Amino acid sequence: MEHYGGIDDPDKRCGYRPCAFVPQENPFYAALPYNDLDDNGMRKDSAQRIPWFPAESPKASLIKNRWIEIRYQEQVCYAQWEDAGPFEEDDFEYVFGNAETSRNTKGVRAGIDISPAVRDCLGLPSNDFVEWLFREKADVPPGPWKEVITTRDAAW
């Protein structure tokens with residue numbers, strides 16, 4: 001809340017943003033069930049298998065702010081990876097490997113959480129299936145997802 005600027009109320013929208021405030025970070029965000037840093041901010045061993053793992057490992061997260069293309073039926077929107085979840089943060093095989101479903105066993109067993117802006121952009125009804133894949137920053141086309149780009153690094 002401190003960095004975003006407030007609570008991103010999914011029911012009180014002014015276009016793609018919350019009505020109560022202007023977001024200080026990208027309102028097009030998502031969470032996937034993996035975090036490359038542990039609770040102490042140290043890099044997990046599994047992070048070395050991230051496809052874009054650099055030769056020299058920086059101290060900041062390798063996944064925070066990464067771009068994701070998200071598809072629902074024929075609609076495509078883009079989001080930045082800003083959080084770990086839902087309910088999992090060590091599901092490497094689902095996020096980067098060959099697992100077709102997340103290890104998440106809670107609720108609707110979701111493998112991705114998306115922001116209200118992404119939901120609205122996709123025209124997504126509650127709890128339906130989406131497809132997603134990583135995109136390089138240079139491959140993300142212009143759109144409302146680029147009006148505010150989050151650049152702040154932080155350990156979750």
Side-chain angles (χ1 to χ4, degrees), residues 1-13 16-18 20-54 57-72 76-97 99 101-122 124 126-137 140 143-156:
M1 237 174 61
E2 174 187 344
H3 297 286
Y4 189 70
I7 296 174
D8 198 2
D9 189 325
D11 298 320
K12 297 179 181 169
R13 311 302 296 167
Y16 291 125
R17 68 172 187 81
F21 63 97
V22 176
Q24 298 171 35
E25 295 187 342
N26 196 340
F28 288 81
Y29 57 86
L32 291 171
Y34 180 75
N35 187 348
D36 61 329
L37 304 176
D38 66 20
D39 291 340
N40 297 315
M42 302 299 292
R43 178 108 34 236
K44 292 178 183 176
D45 289 339
S46 60
Q48 295 177 31
R49 299 185 343 221
I50 293 174
W52 55 85
F53 190 85
S57 180
K59 293 185 180 187
S61 172
L62 299 171
I63 58 177
K64 186 170 182 326
N65 303 329
R66 191 77 185 188
W67 284 98
I68 306 168
E69 177 182 300
I70 305 172
R71 292 179 173 269
Y72 177 68
V76 178
C77 299
Y78 296 82
Q80 286 185 276
W81 187 356
E82 297 301 335
D83 202 359
F87 303 109
E88 290 281 338
E89 62 177 49
D90 205 24
D91 197 350
F92 187 92
E93 289 306 315
Y94 172 70
V95 176
F96 297 106
T101 59
S102 171
R103 295 189 319 205
N104 177 16
T105 60
K106 297 179 180 168
V108 294
R109 302 175 55 108
I112 187 171
D113 269 342
I114 59 173
S115 71
V118 175
R119 174 203 65 194
D120 294 348
C121 176
L122 293 171
L124 182 72
S126 293
N127 298 324
D128 208 343
F129 292 93
V130 298
E131 295 177 350
W132 61 269
L133 62 134
F134 297 113
R135 287 290 183 205
E136 293 297 325
K137 180 180 175 180
V140 176
W145 42 81
K146 281 191 162 179
E147 288 178 11
V148 178
I149 297 176
T150 303
T151 58
R152 182 182 58 83
D153 289 326
W156 297 327

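Being a predicted model, the structure only gives us computed values, none of them experimental.
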J.: I'd like to check Tyr94 versus Asn104 (side-chain heavy atoms, cut-off strictly below 4.5 Å). Are they in contact?
T.: no
J.: Does a sphere of radius 6.0 Å around CD1 in Ile149 hold more than 12 heavy atoms from other residues, nucleotides or ligands, not counting ones at 6.0 Å or beyond?
T.: yes
J.: Sub-3.5 Å donor-acceptor pair from the side chain of Lys106 to the main-chain atoms of Pro86, do we have one?
T.: no
J.: Counting N and O atoms only, with roles assigned by atom type, does the side chain of Lys44 sit under 3.5 Å from a partner on the main chain of Asn35, one being a donor and the other an acceptor?
T.: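 Yes: the side chain of Lys44 pairs with the backbone of Asn35.
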J.: Is there a donor-acceptor pair under 3.5 Å between the side chain of Arg103 and the backbone N or O of Asp90?
T.: yes
J.: Determine whether Leu32 and Ile68 make a side-chain contact, defined as any pair of heavy atoms from C-beta on separated by less than 4.5 Å.
T.: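 The answer is yes; the side chains approach within 4.5 Å.
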J.: Less than 6.0 angstrom from the centroid, inside 45 degrees of the normal: does Arg135 satisfy that with respect to the ring of Tyr78?
T.: no
J.: Can you tell me how far apart CH2 (Trp67) and CH2 (Trp81) are? Round to the nearest 0.5 Å.
T.: 15.0 Å
J.: Any side-chain to backbone donor/acceptor pair from Glu88 onto Ser102? Under 3.5 Å, distance only.
T.: no
J.: Aromatic rings Phe134 and Trp132: how do their planes relate, parallel, tilted or perpendicular, breaks at 30° and 60°?
T.: perpendicular
J.: Tell me whether Asn26 contacts the main-chain N or O of Val148 through its side chain, where contact means a donor paired with an acceptor under 3.5 Å.
T.: yes
J.: Could you measure the distance from the CZ atom of Arg119 to the CD1 atom of Ile70? Nearest 0.5 Å is fine.
T.: 13.0 Å
J.: Looking only at heavy atoms, what is the nearest atom pair of Phe21 and Ile7, with distance?
T.: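 So the minimum-distance heavy-atom pair works out to CE2-O, 3.2 Å.
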J.: Quick one: does Arg13's side chain get under 4.5 Å of Asp8's, heavy atoms only?
T.: yes
J.: Just by distance, with hydrogens left out, do Ser61 and Asp36 show a side-chain donor and acceptor under 3.5 Å apart?
T.: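 The answer is yes; a qualifying pair exists.
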J.: Please check this pair: side chain of Thr150 against backbone of Asn65, looking for a donor-acceptor N/O pair closer than 3.5 Å.
T.: no
J.: Measuring only between side-chain heavy atoms, which start at C-beta, is Ile50 closer than 4.5 Å to Phe92?
T.: yes
J.: Does Asn40 offer a backbone N or O that forms a donor-acceptor pair with the side chain of Asp38 under 3.5 Å?
T.: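 Indeed, once roles are kept as given, a pair shorter than 3.5 Å links the two residues.
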J.: Check whether any side-chain heavy atom of Arg49 lies under 4.5 Å from a side-chain heavy atom of Glu93, and answer yes or no.
T.: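 Yes - at least one pair of side-chain heavy atoms lies under 4.5 Å apart.
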J.: Below 4.5 Å, heavy atoms only, C-beta onward: do Pro54 and Trp52 meet side chain to side chain?
T.: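 No, too far: nothing below the 4.5 Å cut-off.
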J.: For Glu82, is there an ion pair with Arg152 - N to carboxylate O distance below 4.0 angstrom?
T.: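 No, Arg152 and Glu82 are not salt-bridged.
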J.: If you compare all heavy atoms of Ala31 against all heavy atoms of Ala84, which two are closest, and at what distance to 0.1 Å?
T.: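 Looks like CB-C, 4.2 Å.
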J.: Check Gln24 against Gly5 and note the closest heavy-atom contact, atom names and distance.
T.: NE2-CA, 3.7 Å
J.: Please confirm whether the backbone N or O of Glu147 pairs with a side-chain atom of Trp145, one donor and one acceptor, at under 3.5 Å?
T.: no
J.: Atom CG of Leu122 and atom CZ of Phe28: how far apart are they, to the nearest 0.5 Å?
T.: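 It is 9.0 Å, given to the nearest 0.5 Å.
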J.: Taking the side chain as every heavy atom from C-beta outward, state whether Arg43 and Leu62 have any atom pair closer than 4.5 Å.
T.: yes
J.: Relative to the ring of Phe96, is the ring of Tyr34 parallel (under 30°), tilted (30 to 60°) or perpendicular (over 60°)?
T.: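 Taking Phe96 first and then Tyr34, their aromatic rings stand perpendicular (interplane angle over 60°).
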J.: Kindly compute the distance separating CZ (Arg17) from OG (Ser115), expressed to the nearest 0.5 Å.
T.: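 Output value for this atom pair is 14.0 Å.
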J.: Taking all non-hydrogen atoms of both residues, which atom of Ala117 and which atom of Pro27 are closest, and how far apart?
T.: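 Distance-wise, the nearest heavy atoms are CB-O, 3.2 Å.
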J.: Take atom CD of Glu131 as the centre, draw a 6.0 Å sphere, and report whether it contains more than 12 heavy atoms from other residues, nucleotides or ligands.
T.: no
J.: So how far is it from Lys146 NZ to Gln80 CD, rounded to the nearest 0.5 Å?
T.: 10.0 Å
J.: Are any of the side-chain heavy atoms of Val130 and Val118 separated by less than 4.5 Å?
T.: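 Not touching, per the 4.5 Å side-chain cut-off.
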